[in-house]
Amino acid sequence: LNGFDEDLFKLISPFITVSDNGFHINQGKQKISSYEVISRYKRSLQQQKGYASNAPTYVGSPDYIYLRGSAKIGAISLHITTEKDAGEMFFDSKRLSLPDFVSASAQYESRGVLSKIIVGDYSANFGQGLVLWSGFSMDSPSLPPSKYRKSREGVFSYRSSAEQGFFRGLATEFTLGKYVITTGISYIFEDAKIENGVVKTIYTDGLHRTQARILNKATLPTSVLIFNLSREFNSSKIGFTTVAHKDKYNRPKGNLGLNW
């Protein structure tokens with residue numbers, strides 16, 4: 001049918017049932033249209049140095065435990081990821097017995113002006129990543145630009161187990177014809193070693209398996225503001241991105257740039 005594509009089918013499928021007697025609009029509560037659960041477990045057969053003595057360096061067991069779940073209910077997607085690295089405690093006493101790392105988000109998408117809204121953890125990618133790009137990408141300077149051009153721009157629910165490189169808060173995307181306006185606000189605690197009000201080290205590995213690293217966990221409150229304006233053309237796209245970053249110890253940072 002003209003104008004009836006796969007995206008539109010996925011959007012209306014929870015609401016409409018087609019049968020030999022025609023079709024009708026579903027009434028009542030929304031059902032879960034899809035769900036996914038992934039788990040992973042690892043443990044080294046050889047005893048590592050951190051567990052080898054009567055007073056081990058690592059505070060937890062050598063088990064690695066990963067669990068991710070997602071569900072889609074109509075236009076709403078829900079995601080949650082938990083992870084325990086080897087050597088970490090499975091439950092963290094500083095956060096009311098939650099696993100060491102917990103990431104969750106809810107995402108709503110529509111074809112209206114408010115085309116996307118995300119509450120919780122999210123990633124943001126714009127242009128070629130010169131101003132802002134969170135997540136994995138493959139680049140190679142030996143290839144022509146058409147081969148390694150970055151794709152999947154915008155804001156998306158965060159689903160990785162990496163404990164850094166994402167935002168936590170609220171992100172919105174507005175579509176006005178060929179213009180797209182994206183905003184984001186984030187407030188998150190980073191791991192850092194702080195002495196006398198001075199940030200000495202920022203940790204990005206996400207490991208909290210020694211007492212020293214546990215003391216440096218989530219010690220640096222950081223706020224971020226994101227704004228992007230982009231416009232689509234027939235075979236190209238141009239955008240403007242600005243990011244404001246500030247933490248508790250008054251280390252403001254900002255990025256500003258054009259992307260195409």
Side-chain angles (χ1 to χ4, degrees), residues 1-40 66-83 98-99 101-126 132-136 150-163 165-188 224-232 237 239:
L1 297 176
N2 185 27
F4 195 91
D5 55 17
E6 183 178 357
D7 292 337
L8 180 58
F9 171 77
K10 290 181 179 179
L11 187 65
I12 67 174
S13 59
F15 306 99
I16 295 178
T17 299
V18 179
S19 65
D20 294 338
N21 298 323
F23 72 92
H24 66 273
I25 298 176
N26 298 331
Q27 303 292 334
K29 296 182 180 179
Q30 289 294 313
K31 296 182 180 180
I32 298 177
S33 57
S34 64
Y35 62 91
E36 178 185 62
V37 177
I38 298 175
S39 63
R40 188 182 305 137
Y66 168 90
L67 180 64
R68 188 181 81 191
S70 61
K72 187 171 180 60
I73 308 172
I76 299 175
S77 301
L78 305 174
H79 305 282
I80 184 168
T81 302
T82 65
E83 184 199 45
L98 291 175
F101 176 69
V102 179
S103 174
S105 65
Q107 176 176 301
Y108 169 80
E109 292 186 85
S110 76
R111 289 180 172 269
V113 175
L114 179 58
S115 52
K116 185 182 294 186
I117 181 169
I118 302 173
V119 179
D121 296 346
Y122 64 94
S123 58
N125 307 327
F126 299 110
L132 180 61
W133 193 279
S134 56
F136 176 77
K150 293 178 183 289
S151 59
R152 201 171 186 263
E153 294 184 58
V155 288
F156 306 93
S157 290
Y158 188 72
R159 303 178 65 181
S160 172
S161 61
E163 300 181 31
F166 64 93
F167 305 100
R168 177 165 290 171
L170 175 69
T172 59
E173 186 177 277
F174 299 90
T175 302
L176 304 169
K178 294 186 177 182
Y179 290 90
V180 177
I181 300 173
T182 306
T183 64
I185 184 170
S186 171
Y187 187 78
I188 196 168
V224 179
L225 295 175
I226 302 168
F227 176 83
N228 174 266
L229 171 64
S230 63
R231 188 191 189 284
E232 291 273 4
K237 181 178 182 180

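We use all heavy atoms of the structure for the numbers below, so side chains are in, but hydrogens, waters and symmetry mates are not. Position 1 is the first residue of the sequence; numbering continues from there. Treat the numbers as computed from the prediction; the structure is a model and nothing was measured.
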Considering only heavy atoms from C-beta outward, does the side chain of [X] approach that of [Y] to under 4.5 Å?
X    : Y    : value
I226 : I185 : no
E173 : E109 : no
I38  : Y66  : yes
D121 : F167 : no
N228 : S230 : yes
R159 : S70  : yes
F227 : T182 : no
K116 : V155 : yes

Checking [X] side chain against [Y] main chain: does a donor-acceptor pair fall under 3.5 Å?
X    : Y    : result
S105 : Y122 : no
T82  : P99  : no
T175 : Y179 : no

Query raised in the report: How are the rings of F166 and Y158 set to each other: parallel, tilted or perpendicular (split at 30° and 60°)?
Result: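 The arrangement is parallel - the two ring planes meet at less than 30°.
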
Requested in this report: Determine, stepwise, if the pair S157 / Q107 fulfils side chain to side chain donor-acceptor pair (under 3.5 Å).
Outcome: CA-CA 7 Å; S157 290; Q107 176 176 301; 3.1 Å; yes

Query - Atom of K72, atom of S77 and distance for their closest heavy-atom approach - result: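 Nearest pair, atom of K72 first, then S77: NZ-OG, 3.6 Å.
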
Query raised in the report: Just how far is it from atom CD1 of I80 to atom CG of L67, taken to the nearest 0.5 Å?
Result: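 Going from CD1 on I80 over to CG on L67, the span is 8.0 Å.
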
**Report entry** Reported CD-to-NZ distance for the pair E232 and K237, which is rounded to 0.5 angstrom
**Finding:**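 One gets 5.0 Å once the value is rounded to the nearest 0.5 Å.
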
Query raised in the report: After noting the C-alpha distance and the side-chain angles of T81 and S161, does the key distance pass the side chain to side chain donor-acceptor pair (under 3.5 Å) rule?
Result: CA-CA 7 Å; T81 302; S161 61; over 6 Å; no

Report task. May I ask you to decide whether E36 forms a salt bridge with R68, counting only side-chain N to carboxylate O separations under 4.0 Å? Result ->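 Between R68 and E36 there is a salt bridge, with a charged N closer than 4.0 Å to a carboxylate O.
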
